Amino acid sequence: MTTGMDFFAAATLPAPRVDDAWARRVARESFGVDAVAHRLGSNQDANFLLRTPSGQPVAVLKVSNPAFGAAEVAVQDAAADRIAAACPDLRVAQVLRADDGAVQRATITTPDGPVVARLIRFLDGGTLFGKGYLDPRSVARLGEVAGQVDLALAGLTGDGLDRILQWDLRYADRTVAALGSSLPAARRAEVESAAARAWDLVAPLVPDLPVQVVHLDLTDDNTVLGADGLADGVIDFSDLTRTWTVSELAIAISSILHHPGAEPADVLPAVRAYHSLRPLSEAEAEAIWPLVVLRAAVLVVSGCHQVAVDGDNAYAETRLVREWRIADQALSAPTEVMTALIRDALGLRAGGTSLPDGVLLDVPDAVVLDLSPQSSFLDEGAWENAGIAETLAADRLAAGHRAVVTKFGEARLAGSPALVQEPPASVATGIDLWTAEPEELRAPWDCEVLSTGSGIVLRADDVELAAHGVEARAEGAVVAGTVVATTVPRSRTRITAGRRAGSVPERVAPRYAPGWLASLADPAPLLGLPATGGVADSVLEQRERALAEVQEHYYREPPRIERGWRHFLVTEEGRPLLDMINNVAVAGHSHPRIARTAERQLRLLNTNSRFNYEAIAAFGARLADLAPDPLDTVFLVNSGSEAADLAIRLALVATGRSDVVAMSEAYHGWTYASDAVSTSVADNPNALDSRPSWVHTVPAPNPYRGRHRGADAVRYGPEAAAIIDELAASGRPPAGFIGESYYGNAGGMPLPEGYLAAVYSAVRRHGGLAIADEIQVGYGRLGHWFWGFEQQDVVPDIIAVAKAVGNGVPVAAVITSRAVAAKYREAGYFFSSTGGSPLSSRIGLCVLDIIRDEDLQGNARDVGGHLKARLEELAQRHELIGAVHGSGLYLGVELVRDRTTLEPAASETAAICDRMLDLGVVIQPTSDRMNVLKVKPPLCLDRSAADFFADTLDRVLSEGW
Ligand SMILES: Cc1ncc(COP(=O)(O)O)c(C=O)c1O
């Protein structure tokens, strides 16, 4: 028996017609609260935020819809109390109690009849709805909250729980039938038939779906954010009812779907999180997506209906836009695919489909093409050719092979590396076959043959086999072995097998692949070939098992990258990502000239640098020519750390001193000496505590947020010089000063005008040497200058350079004067086995040739200038961007919470980087405050890629992160 509200008996549910003045009066007269009332949005209740005259929120005055009885309201309050007691980490919108313990609840008469009004705890922080884009952690947290609430409510009993609500998905079919006529004519059939199909899928599961009391509206609108930006509060219990427990989750995840950029697969973190708290049964897992579809249908029919009956409810109208987006997303992926995807995400028994044994065409010697991102067929940009598979197949057939096939389930790389924010559909749902001659395809089993115009579909029991691009030779029922079609020589035949194989897309997006592939099978065994192997082991897990933890990787969940091309990195799923941080790959990834140079040299000779060969001589001379006078002497090493270390040792040995001055907040490497002078806590959190006594620092000359800002920044130079003078006066004249000549680790800032001139002259005045760390800023990246010190109009005594020198191959150099090198010779020692090896030297020369021939420095200047202008334009529209630093393709986008206090937006920067990755851009934070997006891409970056980066950042800053 239904004791509460019956939606199908109540004609309409317009929200109570009461206003702010009424609410203020009720608050005062019924609850003794003197407050200003401001109405909040609600579909069917009237809610008012009560604030003190000074604006402090006091409580929410909730006026329930007159259709709800007192028992229903009372049990809602009991449910809130129960959750609060069971989940101390959740904030719950409980009914407030007066000092004497009495519940702040009263029945008030209105022109529409008696209503129950009560004071509810106000939760600050804003709702999850207000967050815009929802990252996977936010989504997971919503699922976790739903799980916590359901565990807390399990076993709750009481009056007012047996209600018939339009939101209860047990009545979704009736709700859609009752309100469907409110839908716009153009969408009605689509929504009604999707709901009917979903209902048919849920119906057989009903006996196995657990039932309990649930919140039933645990959406983004009814969850409130805590200080960490994740949901920790639950409000609005007005839809509390007893129904299928899994409805809670389905309703919660539906609300994710209207958020910017959200698509069906984005709900999976919530489903997983819910399952880890309250494990879902097989039936519940099967029911989730059909229930999402039903929820979406109920939302749009109810939304359209509400707008119709309650014309002036603007809140309902704005909601409707979101509700349509939920419906569009819920219907955008086939329900079976989503169910298989959910099962896969939960690790439930895989659906999987196996084919009965049989032979379609026996070609066990067929050539199997590898079109995965790691395929060597796709090297040197061959993957830019969209018809690469056809070309490869034609070559193999021309070479005398009878047949060529591709692999099932393979994420393929073919076509230009496009700049796209969505991952391309790359996973093959079937295989392609090319034959040299016409080949007869035979029915592998007794089956029904249907001709499709472009080929045939064979139907047997619950599997299908589709062959597109063949000439049909039979129709209707046939027995195994009957010739059913003939291939067209050298033309592609596409074969798919499994349940509904006739209607699957040729390729699907990697995120949805487990959902699609669950109902498909590898057709290879029907051709006498082995099936494609299972899923590869996680490279990340293997890495974490084998390597030291301190050898870190970017991102919490890094994509697996196995190919690069120009300024793209390619994931194993065949997704090109725009690489905005690879300062080692100046010439671009997989540059064919470098690859050929390496191969040629490895075939000729590679040995240690004590032998006499041309490459080391040529490379040394070339580097010496690049440096200004009097720097003409080169040491070749393998890394930036080694170069910085050697530069410091040169200064120490050449001067016979033991003190060094370094710039604060800088990073120079991890070897003993380079680490000692590194005080950036971004790279080494212990940098400040572990600094040895021979290292002295001068303040970071940061003109944006340091002690001296803007024009005042010229004071840093003289102040640093004074520190050096003091050190000398104290009897410890420094051996040298080391600093980046463009302030890289702070996010690509130019040093203040005259800074290096002042510091270099101070250190030289006391007999020390000036070391320029050009490891990341040198070699043309700055666009206007080849070396960073040129910007400062100075010449150092020692240059340390690395990264770009080998385009990612370990090659680095120290360049100094013959006099300094000679002094080092007297008391020092140097030998590097592979520093300057034939291979390193050849690659070093090749990189310099490419920089010259492709005018990469000019490109850095032009594209970098364009990019900086785009970013500065973004800064005018997005408050979060405090400043855009840098030059050429060495830029820093500094993110701040407040442009006056410059409070660093570190967590925002991290989240923005994750969201940028999601949208196809690799970018990372830098600086000691980790609030600067470091922009240092390969120098071959073109304008369209620069625009893609700026557009994507614009999108993220607009939609949320
Ligand atoms: C300015 C600077 N110096 C030195 C190094 C150390 O170079 P490597 O990592 O090649 O040892 C780095 C590396 O990030 C750097 O940025």
Side-chain angles (χ1 to χ4, degrees), residues 548 550-554 580-586 635-651 660 662-684 687 695 697 700-702 736-751 756 770-782 787-789 791-792 796 798-815 832 834-836 840 843-844 847 885-887 889-892 924-928 930 932 934-937:
V550 73
Q551 180 142 22
E552 294 176 356
H553 52 75
Y554 293 131
M580 291 302 286
I581 57 163
N582 238 298
N583 59 354
V584 298
V586 268
F635 295 76
L636 291 170
V637 289
N638 305 285
S639 68
S641 300
E642 271 184 83
D645 202 296
L646 176 58
I648 294 165
R649 287 160 59 104
L650 290 184
V660 173
M663 202 189 279
S664 297
E665 292 184 24
Y667 178 74
H668 298 287
W670 68 271
T671 60
Y672 178 71
S674 61
D675 170 59
V677 293
S678 299
T679 47
S680 164
V681 290
D683 292 290
N684 173 7
V695 175
T697 57
N702 188 322
F737 165 84
I738 182 166
E740 276 193 283
S741 44
Y742 204 85
Y743 196 9
N745 279 307
M749 282 183 206
L751 296 173
L756 285 186
I771 303 168
D773 181 334
E774 293 278 346
I775 288 164
Q776 59 173 344
V777 299
Y779 248 58
R781 173 164 295 282
L782 297 172
W787 300 113
F789 55 75
Q791 187 266 343
Q792 289 275 302
I798 303 169
I799 301 172
V801 63
K803 299 205 191 240
V805 181
N807 205 59
V809 174
V811 190
V814 172
I815 313 174
S832 169
T834 49
S840 306
I843 286 178
V847 170
H885 311 297
S887 169
L889 284 173
Y890 199 68
L891 305 175
Q924 285 288 294
T926 191
S927 106
D928 270 19
M930 296 304 267
V932 183
K934 57 176 165 190
V935 177
K936 41 184 189 175

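Remember, it's a predicted structure, so these values are computed and weren't measured experimentally. Both counts, for ligands and for their atoms, begin at 1 and track the order of listing.
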Report yes or no: does [X] contribute a side-chain atom to a donor-acceptor pair with the main-chain N or O of [Y] at less than 3.5 Å?
X    : Y    : value
E774 : G788 : yes
E642 : V637 : no
D928 : S680 : no

Q791 side, atom CD; L756 side, atom CG - distance, nearest 0.5 Å: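 Here the interatomic distance stands at 8.5 Å.
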side-chain contact (heavy atoms from CB on, under 4.5 Å) between H885 and Y890, intermediate numbers included: CA-CA 8 Å; H885 311 297; Y890 199 68; over 6 Å; no
Might you work through the side-chain contact (heavy atoms from CB on, under 4.5 Å) test for R781 and K936, ending with a clear yes or no? CA-CA 8 Å; R781 173 164 295 282; K936 41 184 189 175; 3.7 Å; yes
Pocket residues around ligand 1 (non-hydrogen, under 4.0 Å) come out as S639, G640, S641, Y667, H668, G669, E740, D773, I775, Q776, K803
